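None of these values were measured; they are calculated from a predicted model. Just follow the structure's listing: the first ligand is 1, and inside any ligand the first atom is 1.
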Amino acid sequence: MDYVGLTTKLLHSKNGSKDQHGAPHTPIYNTTTFAFNSTADILAVVEGKKAGALYTRYGLNPSIFALEQQLALLEGAEAAWAFCSGMASEAALFMALGRKGVICLGDAYGGTLELIADQLPQLGIPSYMLLGSQIDTLEETLKKGAGIVFFETPTNPALEIFDIAAICKLAHQYGTLVAVDNTFASPINQQPLSLGADLVIHSATKYLGGHSDITAGALMGSKELLAQVWPWRKNLGQMIAPEVASLLSRSLRTLQVRVKQQNESAAAVANAMHKHSKIAKVLYPGLPDFPGHELAKKQMSGFGGMLSIEVAGSAEQTSKVADNLKLFALAPSLGGVESLVTQPSTTTHHGLTPEERKRRGISDSTLRLSVGLEDARDLIADLEQALSSI
Ligand code: PLP
């Protein structure tokens, strides 16, 4: 039967296979290897003539199969691979398909920037770093013949929005693949493959996992492209553990309800902060005066649970606000059920000069908020009491 709803599909599409004991959730296959009846049987799986479990590091384990089926559904992809972290999925992707060069457009997670700008060149892989404000130079850069254009949208922490369809159209004219890091938006709010992207990556540590208790990654795309990534994941040893796969698979069943609530609460927090006298600026794609709002409306079906606020005060006063928050925990990461706050100038973007941060649209008075599942009224009250301390 064809289901229309994403959560229905996530709960019930299991390739028609039912657990022999009737378990609604695939049990954890906590095993490294699988035994066969004959060498002919094992050879059929080794040669890929027959699908089946074989060895967990290869990803050939039923707990991982069940997860990957859900991951593909989430992004409307032909196939998906699970990884032990978001960075693992990026590293495998760049090594498999980005060896001609990787163009990183806009601001990105610090580890991603380090991998592309500093580490890939050490392996002889050219990298090109373009800020969002330099998007006009993308075509010139594409002429150099890169394998992949990689970007986040919305970006971290300035929430800059890139036009996925337009970038794909341009990149494809030069035979370059487009990979979108969809971690911030989540597949509930944005579907890059349907807009023309070739690949999507996720730090599943964030919204997909959603409970701040697992580290995992995912890569979605066509079977043909993912087949080229498979040996890299296998031999770089980047496999997700069956226990983690099972936890992630469990979390995906509630992804849609979690994200919908997070969208709603983040909008309420953004609106309250927009009116607050001690807030200079609110960066949230759902606000009509946000520069990327029209584009976000076009390519996103929800505006997400992430926002940044700029305190009308010094960097020190901003730190004081963060320190005085009681519900928002002062911690890196995002996308979990608990609300988190970071001051990018003291954490993710600490390594940059104030001028460089400014060039990226990040003030030293910026606080990044990841809105969780607490009642929005409690979150707003918490921000108000912390702001009253300056
Ligand atoms: N992409 C984004 C947008 C992130 O925020 C992060 C981590 O914070 C990563 C990728 C890397 O993910 P992981 O920590 O799961 O390796």
Among all protein heavy atoms in this structure, tell me which lies nearest to [atom], with the distance rounded to 0.1 Å.
{"atom": "atom 9 (C) of ligand 1", "result": "Tyr109 CD2, 3.5 Å"}
{"atom": "atom 12 (O) of ligand 1", "result": "Ser203 OG, 3.0 Å"}
{"atom": "atom 8 (O) of ligand 1", "result": "Lys206 NZ, 2.7 Å"}
{"atom": "atom 15 (O) of ligand 1", "result": "Thr205 OG1, 2.6 Å"}

When only distance counts, is [X] in polar contact with ligand 1, meaning an N/O pair under 3.5 Å?
{"X": "Glu152", "answer": "no"}
{"X": "Phe184", "answer": "no"}
{"X": "Met87", "answer": "yes"}

Ring centroids only, cut at 6.0 angstrom: are Tyr207 and Phe184 within range, meaning strictly under it? no
For the residue pair Tyr284 and His274, is the inter-centroid distance of their aromatic rings smaller than 6.0 Å? no
Between Ala216 and ligand 1, which residue portion shows a heavy-atom distance shorter than 4.0 Å: side chain, backbone, both, or neither? backbone
Do Arg368 and Thr347 have side chains that get closer than 4.5 Å, going by heavy atoms? no
Starting from the C-alpha separation in whole Å, work towards a yes-or-no answer on salt bridge (Lys or Arg N to Asp or Glu O under 4.0 Å) for Asp107 and Arg360. CA-CA 7 Å; Asp107 215 350; Arg360 292 165 186 266; 2.8 Å; yes
Given Asn156, Thr112, Asp181, which has its nearest heavy atom closest to atom 2 (C) of ligand 1? Asp181
For Gly86, atoms of ligand 1 separated by under 4.0 Å from a heavy atom: 12 (O), 13 (P), 15 (O), 16 (O)
Atom of Gln191, atom of Gly76 and distance for their closest heavy-atom approach: OE1-N, 4.3 Å
Are Leu105 and Phe94 linked, directly or through other ILVMFWY residues, by side chains that come within less than 4.5 angstrom of each other? no
May I ask you to check if Lys9 and Tyr3 form a cation-pi contact, with NZ or CZ under 6.0 angstrom from the six-membered ring centre and within 45° of the axis? no
